[in-house]
Trainee: 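Structure provided below as structure tokens; questions to follow.
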Amino acid sequence: MAQKPSIPKGTRDFNPEQVAKRNYIFSTIKSQFETFGFQPIETPSFENSDTLMGKYGEEGDRLIFKILNSGDYLSKVNDDLYAEKNSNKITPKISEKALRYDLTVPFARYVVQHQNDIEFPFKRYQMQPVWRADRPQKGRFREFYQCDADVVGSDSLWQEVEFVQLYDNVFTALGLKDTTININNRKILSGIAEVIGASDKLIDFTVALDKLDKIGEEKVKEEMLSKAIPQSGIDKLQPLFSLAGSFDGQIESLKDILSTSEEGKKGIEELEFINNAINTLGLKSAKLQLDVTLARGLNYYTGAIFEVSAPEGVKMGSIGGGGRYDDLTGIFGLKNVSGVGISFGLDRIYLVIEELGLFPETITKSTEVLFINFGDNEALFSLKAIKVLRENGVNAELYPDKITNGKHMKKQMNYANKRNIPFVVLMGEEEMNSEVYTLKNMNTGDQTKLDLTALIKAVK
RNA sequence: GUGGUUGUAGCUCAGCUGGUUAGAGCGUCGGUUUGUGGUACCGAAAGUCGCCGGUUCGAACCCGGUCUUCCACCCCA
């Protein structure tokens, strides 16, 4: 055999069974999106580099796949720049396009570009692959699908409430019980930073706080100290570390801590609004939990922050996330348009459902009836019956190669067996002459001779 | 981007401190069975030991590089 072919790091092939399972997740999410009134759009796989660069922070820029210009791109780089060997400076000269890194920024671009044709508030959903030059791990790929739903052009908190319900509906429909929807608010994080005198170090502060679950209270304090957050401020955080329990209980503690911060108080108000509404409306199977350490996507979120973690016992990063961004389109020149949205990580959801064994068995439906091919005369006769079966909505097929010298019957039966085809029809010379079909049930091994009408009935 | 880990037949994996022709199970193909699959028995095919280079009389095994896998950071879905 020649050199075995391979695919790039972090990419995957999907076999028929995997595609069926993925489609099951896609269609479940899609139908929930549509139930909530979202409309689909699609955007190109790649965008102009300046649309994407700088939107995800320094870290994000590093992870964007850049596409080389066509033609003799190096000849257009001037000698001084080339001699400098600085990748960051040369990259913009030789690459003017890049693969989409998420669906939110291209959506913002779409909204700005088509603002005159869009009826606001605009509720769109989008399910497309995105690419990141990340180092792969479990549940972490370089090509993966995001399923996003966003609303732009409304700053109503009812949207946040609806998104919590949407999360709940999707995960309930997928059979993932007891997921936890963690919620926080950027204004609360800003408020806390303000109270402890670290407003200018908001990012360092939240990044450290976010690690509380992982590295513990002491390490978090150490990290904050090392980022030049004053000890006096860290001391004020003490009540925060002991925040636990109910949503309402945490809110009460936060009211104490944030009593001097206008922004913080606004954040508390928003959280209370959402929580009260959800309490009244109820959730099917998910749980809404306040998590003050939740600090994701700080580059553009301004209000609510969502993250859905995998069910207890499954080792997996978040399977969904989202939040409110007051001015996402501002970077493309359209001011004062508020947006809020959530995202589902299809590939991770797949892994979780697989690990928990929650895929329904019925989703990999394929051929229901296989006709054994005895020879050309019989094949033609069989195809007439197959045509009628198909018209009646039965998935039927003829084994393409005929039996020669009486051999290969076994091969055809085996084929049906391996593909889990439940019925086989034997249509040989004998049957053809008497116009009956021998139907074999592959599970029981029973055989019956039937006419076409009875055959259709039997396999339906 | 940092540190570690992994790669042997289609698949899952053995292979001792370097020593003849690299093994097993499953799968595949053929036969027992020329109109009957799953079970059983018999037999066969299938490997550049990820790739490139080095050390050695001799390398799947040791060394370097590279790609890939998984993991911890970073970050994230």
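Chain identifiers are assigned alphabetically (A, B, ...) following the order of the sequence lines, protein sequences preceding nucleic acid strands; residue numbering begins at 1 within each chain.
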Trainee: Just to be sure I understand the rule, does A/Lys440 reach a base, reach only the sugar-phosphate, or reach nothing, if contact means heavy atoms closer than 4.0 Å?
Mentor: base
Trainee: If you only use heavy atoms from C-beta on, which nucleotide in B/C73, B/C76, B/U69 is closest to the side chain of A/Arg348?
Mentor: B/C76
Trainee: Scan A/Ile319 against the nucleic acid and name what it touches under 4.0 Å (heavy atoms): base, sugar-phosphate only, or nothing.
Mentor: sugar-phosphate
Trainee: Just to be sure I understand the rule, does A/Val425 reach a base, reach only the sugar-phosphate, or reach nothing, if contact means heavy atoms closer than 4.0 Å?
Mentor: nothing
Trainee: Answer yes or no: side-chain N or O of A/Gln447 and base N or O of B/U36 forming a donor-acceptor pair under 3.5 Å.
Mentor: yes
Trainee: Identify which one of A/Val425, A/Thr448, A/Leu450, A/Leu426 satisfies the side-chain contact (heavy atoms from CB on, under 4.5 Å) criterion when paired with A/Thr438.
Mentor: A/Leu426
Trainee: Any base atoms under 4.0 Å from A/Tyr145, or only sugar-phosphate, or nothing? Heavy atoms, all strands.
Mentor: nothing
Trainee: Would you kindly say whether A/Arg22 and A/Gln18 are connected by a side-chain donor-acceptor distance under 3.5 Å?
Mentor: no
Trainee: Collect all protein-nucleotide pairs involving nucleotides 2-5 of chain B in which both atoms are nitrogen or oxygen and the distance is under 3.5 Å.
Mentor:
unit_1: B/U2; atom_1: O4; unit_2: A/Arg135; atom_2: NE; d: 3.4
unit_1: B/U2; atom_1: O4; unit_2: A/Arg135; atom_2: NH1; d: 2.9
unit_1: B/G3; atom_1: O6; unit_2: A/Arg135; atom_2: NH1; d: 2.9

Trainee: RNA chain B: A/Arg62 or A/Met413, which has the more 5' nearest nucleotide?
Mentor: A/Arg62
Trainee: Looking only at side-chain N and O atoms, does A/Ser318 offer a donor or acceptor that is under 3.5 Å from a partner on A/Ser309?
Mentor: no
Trainee: Quick one: do the A/Arg135 and A/Gln137 side chains pair a donor with an acceptor below 3.5 Å?
Mentor: no
Trainee: Is the NZ or CZ atom of A/Arg132 positioned over A/Tyr101's six-membered ring, under 6.0 angstrom from the centre and within 45° of the axis?
Mentor: yes
Trainee: Round to a whole Å and report the spacing from OH of A/Tyr56 to P of B/C76.
Mentor: 12 Å
Trainee: Of the nucleotides B/G37, B/U36, B/C71, which has the atom closest to the A/Gln137 side chain?
Mentor: B/C71
Trainee: Just compare B/G37, B/U68, B/C75 and give me whichever is closest to any side-chain atom of A/Glu59.
Mentor: B/C75
Trainee: What orientation do A/Tyr437 and A/Phe371 show, parallel under 30°, tilted 30 to 60°, or perpendicular over 60°?
Mentor: perpendicular
Trainee: How does RNA chain B read in dot-bracket, base by base from 5' to 3', with Watson-Crick or G-U pairs under 3.5 Å and | used when the partner is on another strand?
Mentor: ((((..(..((((.....[...)))).(((((.......))))).....(((((..]....))))))..))))....
Trainee: Using the C1' atom as the reference point in each nucleotide, state the distance between B/C26 and B/G35 in Å, no decimals.
Mentor: 30 Å
Trainee: Taking atom types as modelled and ignoring hydrogens, do the side chains of A/Tyr56 and A/Asp102 form a donor-acceptor contact shorter than 3.5 angstrom?
Mentor: yes
Trainee: Determine the contact category for A/Gly10: base if any of its heavy atoms lies under 4.0 Å from a base atom, sugar-phosphate if only primed atoms, P, OP1 or OP2 are that close, otherwise nothing.
Mentor: sugar-phosphate
Trainee: Between B/G7 and B/A14, how far apart are the two P atoms, rounded to whole Å?
Mentor: 8 Å
Trainee: In whole angstrom, give the distance that lies between atom NZ of A/Lys211 and atom P of B/C74.
Mentor: 4 Å
Trainee: Could you state the atom-to-atom distance from OH of A/Tyr301 to C1' of B/C76 in whole Å?
Mentor: 11 Å
Trainee: Side chains of A/Asp210 and A/Thr293: donor-acceptor distance under 3.5 Å anywhere?
Mentor: no
Trainee: In whole Å, what is the span from the CG atom of A/Asp13 to the P atom of B/U68?
Mentor: 15 Å
Trainee: Assess the side chains of A/Arg142 and A/Thr11: does a donor N or O sit below 3.5 Å from an acceptor N or O?
Mentor: no
Trainee: Considering every strand and a 4.0 Å limit on heavy-atom distances, what is the contact class for A/Glu431: base, sugar-phosphate, or nothing?
Mentor: base
Trainee: Quote, to the nearest angstrom, the P distance that separates B/C71 from B/C29.
Mentor: 35 Å
Trainee: To the nearest Å, give me how far apart NZ (A/Lys138) and C1' (B/U69) are.
Mentor: 14 Å
Trainee: Take A/Thr11 and A/Gly345, find for each the nucleotide of RNA chain B with the closest heavy atom, and name the residue whose nucleotide sits nearer the 5' end.
Mentor: A/Thr11
Trainee: I need the CZ-P distance between A/Arg142 and B/C67, as an integer number of Å.
Mentor: 11 Å
Trainee: Where the side chain of A/Lys418 is concerned, which of B/G27, B/A72, B/G35 is the nearest nucleotide?
Mentor: B/G27
Trainee: Give a yes or no on whether a salt bridge exists between A/Glu47 and A/Lys97, defined as a side-chain N under 4.0 angstrom from a carboxylate O.
Mentor: no
Trainee: Below 4.0 angstrom, N of the basic side chain to O of the carboxylate: do A/Glu270 and A/Lys187 qualify?
Mentor: yes
Trainee: Send over the distance from A/Leu63 CG to B/C75 P, rounded to a whole Å.
Mentor: 11 Å
Trainee: Rounding to an integer number of angstrom, what distance separates B/G50 and B/C61 when you compare their P atoms?
Mentor: 8 Å
Trainee: Side chain of A/Lys410 only, please: which of B/U32, B/C75, B/G35 is the nearest?
Mentor: B/U32
Trainee: Any base atoms under 4.0 Å from A/Gln146, or only sugar-phosphate, or nothing? Heavy atoms, all strands.
Mentor: sugar-phosphate
Trainee: Quick check for you: among B/C75, B/U69, B/U36, whose closest atom lies nearest to any side-chain atom of A/Leu426?
Mentor: B/U36
Trainee: Contact class for A/Gly320 vs. all strands (heavy atom < 4.0 Å): base, sugar-phosphate, or nothing?
Mentor: sugar-phosphate
Trainee: Is the shortest distance from a Lys or Arg side-chain nitrogen in A/Glu397 or A/Arg419 to a carboxylate oxygen in the other one below 4.0 Å?
Mentor: yes
Trainee: Grab the NZ-P distance between A/Lys449 and B/G35 for me, whole Å please.
Mentor: 14 Å
Trainee: Tell whether A/Asn417 reaches the base of B/G37 with its side chain through a donor-acceptor pair below 3.5 angstrom.
Mentor: yes
Trainee: Tell me whether the side-chain N or O atoms of A/Arg140 pair up with the base of B/C74 as donor and acceptor below 3.5 Å, since no angle test is needed here.
Mentor: yes
Trainee: Classify A/Asn443 by what it touches in the nucleic acid, base, sugar-phosphate, or nothing, heavy-atom distance under 4.0 Å.
Mentor: base
